[in-house]
K.L.:
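One structure, pasted below without further comment.
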Amino acid sequence: MLSDRQMMILRAVVRDFTNTGVPVGSKALAKQLPIHVSSATIRNEMAALEEQGLIKKTHSSSGRIPSVEGYRYYVDHLVKPDPLRPNDIDVIQSSLGGDFHKIDEIISQSATILSNLTSYTAFTLKPELKDSRLSGFRLVPLGKRQVMAILVTDSGDVENQTFDVSEAVSGDQLEAVVRLINDQLVGLTLPEVLQKLRTDIPMKITNYMQSPAGFLDIFGDVLTRAAQERFYVGGRLNLLNFSQDSDVDSLKSLYSLIDKTDDIANVLGQPSDNISVQIGNEMTNDALRNFSLITATYDVDQHGKGMIAILGPTRMPYSRMLGIVGAFREELAKKLLDYYRYYDE
């Protein structure tokens, strides 16, 4: 348990170091604290904080810097999100105020906006799709035996894929299969549709074409893409600005992690209602040992919950970043609710 003075000193150490990147000494702290405390007293209190593992000495300076445990204590007990600057609100609202035609466009743009606001790498995940339902499927002839398969969900997501049609399959056969799919599957959730594709639908399609496997593969691919979680990343190159590793292999590991959906999903974890902060070795992947990750969910009512996150150095200004993430998730939720209302009309 820290005393009030120790908490005040730890807060000052974290804020000074995150602002300057320079280890903090007792004389510098004496000038910053809101009450008069002698340098000798500060040194004693810093020694106590160091003994508890909350701050540590660097090799190159007599000053102290926060440890991972120190940042953790600061985030859990001392930090307060900063109010957003008026200019930040204007940037968010104007950037989200464009004319978007797909949910994915909004979520993708959100990653860019969040990255620009924070100068860190940002991740956005669109609302979970487990309850999305198939609202339509059609095939559009493109000529030269090419056809585009288009799938639409009730949440406004559209997926398409182009494929070649065998000369043995006629246009009438394809139209009959499309009617069958729309009659049998529209209104079902995407997982239910996938299950039907594995069970009774193949047998029914054989009434219209001898070898339905190729067509079912195409429809299954489009459906799987519509149902899968999709992360968007903004500011990939920002990682280079604060990575402590100059080793090429370490940087390759870091960028490989970001580009793999399953890996980054594991790092981000499961959505929760609160904003969460993971610091350094609290994350399971060793490539992130010098980073902090702030994640937050946004709620779009019956359309589900999505997630936003920023990845930056452990030496990040947590008050400002928490303020930005908290405000951004609210503005994104508003934009998506407006989109869904317009789409549902």
Side-chain angles (χ1 to χ4, degrees), residues 96 98-111 124-143 145-165 169-202 204-205 208-209 212-232 261 298-307 332-345:
L96 288 175
D99 186 18
F100 298 98
H101 301 288
K102 293 174 65 176
I103 289 289
D104 289 64
E105 292 176 2
I106 301 174
I107 306 303
S108 174
Q109 175 72 355
S110 296
T124 51
L125 172 64
K126 67 182 184 181
E128 55 199 351
L129 294 171
K130 62 184 179 183
D131 295 326
S132 289
R133 296 177 182 275
L134 179 67
S135 62
F137 177 72
R138 59 183 298 202
L139 297 175
V140 179
L142 301 177
R145 307 299 297 175
Q146 275 202 326
V147 176
M148 178 180 288
I150 302 173
L151 181 149
V152 183
T153 71
D154 64 344
S155 60
D157 287 297
V158 180
E159 288 291 341
N160 61 75
Q161 183 169 326
T162 302
F163 64 101
D164 295 321
V165 178
V169 178
S170 69
D172 289 342
Q173 287 175 307
L174 289 175
E175 287 181 13
V177 171
V178 170
R179 282 196 300 273
L180 170 69
I181 286 175
N182 284 316
D183 288 344
Q184 298 285 318
L185 303 179
V186 164
L188 299 180
T189 65
L190 299 188
E192 288 171 340
V193 175
L194 282 169
Q195 179 61 29
K196 289 274 189 182
L197 283 185
R198 301 186 190 104
T199 53
D200 52 338
I201 290 298
K204 292 180 179 179
I205 289 181
Y208 305 100
M209 59 175 65
F215 173 82
L216 288 170
D217 288 343
I218 295 295
F219 182 59
D221 287 346
V222 178
L223 186 66
T224 300
R225 284 215 311 274
Q228 71 184 1
E229 289 188 329
R230 192 165 308 154
F231 289 95
Y232 294 93
T261 298
Y298 59 89
D299 193 334
V300 280
D301 293 343
Q302 73 271 25
H303 301 288
K305 294 180 180 180
M307 184 186 294
L332 178 56
K334 288 178 190 175
K335 175 64 181 180
L336 290 172
L337 284 170
D338 287 343
Y339 175 91
Y340 283 123
R341 276 194 287 267
Y342 177 81
Y343 184 83
D344 291 340
E345 287 177 355

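Worth knowing before you read on, the calculation uses all heavy atoms, side chains too, and leaves out hydrogens, waters and symmetry mates.
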K.L.:
Do you know the tightest heavy-atom contact between Y339 and F100?
P.N.:
CE1-O, 4.0 Å

K.L.:
Can you measure from OH (Y298) to CE (M307) and round to the nearest 0.5 angstrom?
P.N.:
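Y298 OH to M307 CE: 9.5 Å, rounded to 0.5 Å.
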
K.L.:
Measuring from L332:CG to I106:CD1, what's the distance to the nearest 0.5 Å?
P.N.:
8.0 Å

K.L.:
Check salt bridge (Lys or Arg N to Asp or Glu O under 4.0 Å) between D301 and all other residues, then give those that pass, not counting sequence neighbours.
P.N.:
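Listed in chain order: nothing, the list is empty.
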
K.L.:
Using modelled atom types only, decide if a donor and an acceptor are shared between the side chain of K335 and the backbone of L96 within a distance under 3.5 Å.
P.N.:
yes

K.L.:
Taking side-chain hydrogen bond (donor to acceptor under 3.5 Å, both in side chains) as the test, write out the residues that go with D299, two or more places apart.
P.N.:
none

K.L.:
L188: what forms a side-chain contact (heavy atoms from CB on, under 4.5 Å) with it, not counting sequence neighbours?
P.N.:
L185, E192, V193, K196

K.L.:
Grab the two heavy atoms, one from I107 and one from P127, that are nearest each other, plus how far apart they are.
P.N.:
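So the minimum-distance heavy-atom pair works out to CD1-CD, 4.4 Å.
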
K.L.:
Mind checking what makes ring-ring contact (aromatic ring centres under 6.0 Å, His included) contact with Y232, not counting sequence neighbours?
P.N.:
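If we apply the ring-ring contact (aromatic ring centres under 6.0 Å, His included) test to Y232, skipping adjacent residues, there are no hits.
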
K.L.:
Could you tell me which residues satisfy side-chain contact (heavy atoms from CB on, under 4.5 Å) with K204, sequence neighbours excluded, listed by chain and number?
P.N.:
L180, Q184, D200

K.L.:
Going by the rule side-chain contact (heavy atoms from CB on, under 4.5 Å), which residues pair with V178 if we only count those two or more places apart in sequence or in a different chain?
P.N.:
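Here the qualifying residues are F137, L139, N182.
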
K.L.:
Kindly compute the distance separating CG (L151) from CD (Q161), expressed to the nearest 0.5 Å.
P.N.:
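Here the interatomic distance stands at 11.0 Å.
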
K.L.:
Roughly how far, to the nearest 0.5 Å, is the CE atom of M148 from the CZ atom of F163?
P.N.:
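Going from the CZ atom of F163 to the CE atom of M148 covers 10.5 Å.
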
K.L.:
Taking all non-hydrogen atoms of both residues into account, name the closest pair between R133 and L190 and its distance.
P.N.:
C-CD2, 4.2 Å

K.L.:
What's the separation between atom OG in S110 and atom CG in D104, rounded to the nearest 0.5 Å?
P.N.:
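Rounded to the nearest 0.5 Å, the OG-CG separation comes to 11.0 Å.
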
K.L.:
I need the L194 CG to I201 CD1 distance, nearest 0.5 Å.
P.N.:
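If I round to the nearest 0.5 Å, the distance is 12.0 Å.
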
